[in-house]
2 protein chains.
Amino acid sequence: MPVTIRDVARASGVHVSTVSRAFSAPHLVNPDTRSRVLAVAEGLGYRPNRAARALTTGRTHNFGIIVADIANPFFPPLIKAAQAHARSRDYNVFVADTDEDPQVEEEVIQTLSKQVDGVLLCSPRLTNKAIERLREEVPFVVVNRRIRGMPTVLMDVGQGASLAVRHLTELGHRRIALVSGPAGSWTSKAMHEAVATAGADAVFLGPNAPTEQGGITAAADVIASRVTGVLAYNDLVAIGLIEGLSERGVRVPEDVSVIGVDDIVAGRLNRPKLTTVSMPAAAAGRVAVDMLLQAVDDVAAATVTTLETSLVVRESTGRART
Amino acid sequence: MPVTIRDVARASGVHVSTVSRAFSAPHLVNPDTRSRVLAVAEGLGYRPNRAARALTTGRTHNFGIIVADIANPFFPPLIKAAQAHARSRDYNVFVADTDEDPQVEEEVIQTLSKQVDGVLLCSPRLTNKAIERLREEVPFVVVNRRIRGMPTVLMDVGQGASLAVRHLTELGHRRIALVSGPAGSWTSKAMHEAVATAGADAVFLGPNAPTEQGGITAAADVIASRVTGVLAYNDLVAIGLIEGLSERGVRVPEDVSVIGVDDIVAGRLNRPKLTTVSMPAAAAGRVAVDMLLQAVDDVAAATVTTLETSLVVRESTGRART
DNA sequence: ATACTTCCTGCAACCGGTTGCCGTGAGGAG
DNA sequence: CTCCTCACGGCAACCGGTTGCAGGAAGTAT
């Protein structure tokens, strides 16, 4: 029922190969013939079948984006930017949610591998080994995780953490806590290292769940540690922490300053408005797609792009009481 | 380089058609042969190419989900649920963001049409006419918009609005405002009608931008209208409204009760925690995929599924002052 | 022993495009 | 006028699978 290239050929009195070339190799066909063919195609409502084309060209013009949890507010802006950028390059994108399950992640990569030219792995949960192996089947670009020899886009949370600590010390805070996230994540490590070397008197609290509840729970530890400035693993934790502190009569920012990471919408809506390390998620999405486009024809390239983060000062940080 | 069905055939000494059947029609091949073929395939790391398969079967085993804005917190849970459900039925999903642009929406549908078995249109911005036309090319299921003769999943905001109004009247509020959203949206109309017939003394304020800023701006109108209960177009508006009211010295819920719609994360994080009409987004995603699966082989079906909403009472509503 | 099933497998066409190769005819050079 | 070049477009094979058809082998009924 759908109109194919042969219908167009028949209707315009040329061979299918000519129709094909009219679309994908214009310089090889007489301008008059071409415009006639295009007119007929238009009239018939013909659209080239990309899947069929992929069969011979080996280019699907599709990408895959794999994330652990679409509903995590950190990812949608990244996906949105990546998708928009891909579209501008005439690529469509599959999006798959692995529900934090490495097993699912592997399966998804498998089923996607033949229908895409490359995959964006956002904070993958698979082991390095598994990723190396799957790389044989489809090109990857990894976001927010360091894997040797693989094209990578990193958002420099370490640098962001330094910014945050500097901001706190400039406000006069001497004792600072890092309320960290799950043990062993790349992000946690980078933050830990940055805070440790930032030259302040630092205490490390955690691991904690990377959620609002994790922050609420951590409030007691923060109070016990007698710090006046806190850098939280992410905005959700920061928001929970502020809530936990206020339940215990500690005020933000009057008594304790709190900084989050991610700059999600909820932080801007929070009262006090959250001071936070803003992640260049949209930029990361675009860069990753660019690297994917490059990886498509130049398999060897294994660049590492590191994106700067920035500090957004709002209302949850203030001068230390003297 | 990737291993094909012919490689497997050669390596296991059978014809390609036998390999094909070993995978997709097991009952047609001798159990011994089958297990031998599967073993060889496994050893070679063979994966059937779904795109190639689609060419002959006419089933791509892909769906498309089209939304106006992935970053709108309402959509990710829906996408997540739809994707997970689709995966359990062995379907992959494309996700496309149209940036609220009907033109882009149409283009995206066009390029996707041949690579998917159906498309989920979430709150489409296209005209009915355009959608009817595109329907010729690919089956649709429409979410959150009413289009005659088309499979549809609706979340009953009207019923949710009734719930909200009833909650307010039970708390003793006599004058109620509906702070509506953009003019002409299906949602706005449904809410308007529900509030108008809910039997309270109602005033209608708007149209407003469906954002936090829209809510802040509407605060003045709300105060001027001397209501004590408000139903906002969505949670963002409600949060903005609460902020706008508090800037003007009006307290929530002591002076005015506010109810939102959507139940986004930010509402739960807000202070006061937002009372809201919760939308069954995940259920909608699952149901929509089920309808899509059905539409794939039974083009005629044009069911309308309406999902109930529920009221989540938190802290932004309270008893009217007597 | 013959005829009829049933089960299994091979053959080859086909899905919708792409592309290397070749033939044709027009135009330019000599 | 002849020869060469080259732009154009047709032919057919191919991409990786699927599937209707047919045929051979084995089993069963007569």
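The chains referred to below are lettered A, B, ... by the order of the sequence lines, with proteins before strands, and numbering in each begins at 1.
Side-chain atoms of A:S17 and base atoms of D:dC11 include a donor and an acceptor less than 3.5 Å apart. Residue-to-nucleotide contacts include no donor-acceptor pair under 3.5 Å from the side chain of A:R53 to the base of C:dG16. Between the side chain of B:R6 and the base of D:dG17, at least one donor-acceptor pair of N or O atoms lies under 3.5 Å.
Rounded to whole Å, atom P of C:dG17 lies 9 Å from atom CZ of A:F23. At whole-Å resolution of the value, CG in A:L55 and C1' in D:dA13 are 13 Å apart. Rounded to a whole Å, the NZ atom of A:K114 is 7 Å from the P atom of D:dG17. Distance A:D32 CG to D:dA7 P: 16 Å, rounded to the nearest Å. The CZ atom of A:R10 sits 14 Å away from the P atom of D:dG10 (whole-angstrom rounding). In this structure, B:H61 atom NE2 and D:dG17 atom C1' are separated by 14 Å, rounded to whole Å. With rounding to whole Å, B:R34 atom CZ is found 12 Å from C:dT9 atom P. Taking atom CG on A:D7 and atom C1' on C:dG16, their separation rounds to 10 Å, with Å as the unit.
Backbone-only engagement by B:Y46 is indicated by non-hydrogen atom pairs under 4.0 Å involving sugar-phosphate atoms exclusively. Backbone-only engagement by B:R47 is indicated by non-hydrogen atom pairs under 4.0 Å involving sugar-phosphate atoms exclusively. Here A:S20 lies in heavy-atom contact (under 4.0 Å) with a base. Among the protein residues, A:V14 comes within range of the sugar-phosphate backbone only, with heavy atoms under 4.0 Å from sugar or phosphate atoms but none that close to a base. Residue A:R59 is out of contact with every strand shown, counting any heavy-atom pair closer than 4.0 Å.
The number of heavy-atom neighbours closer than 6.0 Å to CD of A:Q103, taken from other residues, nucleotides and ligands shown, is 12 or below. Shown here is B:R146, whose CZ atom has no more than 12 heavy atoms of other residues, nucleotides or ligands within 6.0 Å.
Minimum atom distance to the side chain of A:T18 is reached by D:dG9, of the listed D:dG9, D:dG16, C:dC8. Taking every side-chain heavy atom of B:T33 into account, C:dC8 is the closest of C:dT18, C:dC8, D:dC8. Looking at the side chain of A:N49, the nearest of the listed nucleotides C:dG17, D:dT18, D:dG16 is C:dG17. Of the candidate nucleotides C:dC14, D:dT19, C:dG16, D:dT19 has the atom lying nearest to any side-chain atom of B:R21.
Not a single donor-acceptor pair under 3.5 Å links the side chain of A:E106 to the backbone N or O of A:A130. B:H85 places no side-chain N or O within donor-acceptor distance of the main-chain N or O of B:D290, the cut-off being under 3.5 Å.
Nearest-nucleotide positions on DNA chain C for B:H27 and B:T56 put B:H27 closer to the 5' end.
A side chain to side chain contact (heavy atoms under 4.5 Å, CB included) with B:V8 is found for exactly one of B:V37, B:V16, B:V14, namely B:V37.
The side chain of A:H15 places an N or O atom within less than 4.0 Å of a non-bridging phosphate oxygen (OP1 or OP2) of D:dC11.
B:N128 and B:R145 are linked by a side-chain donor-acceptor pair at a separation below 3.5 angstrom, with hydrogens and angles left out of the test.
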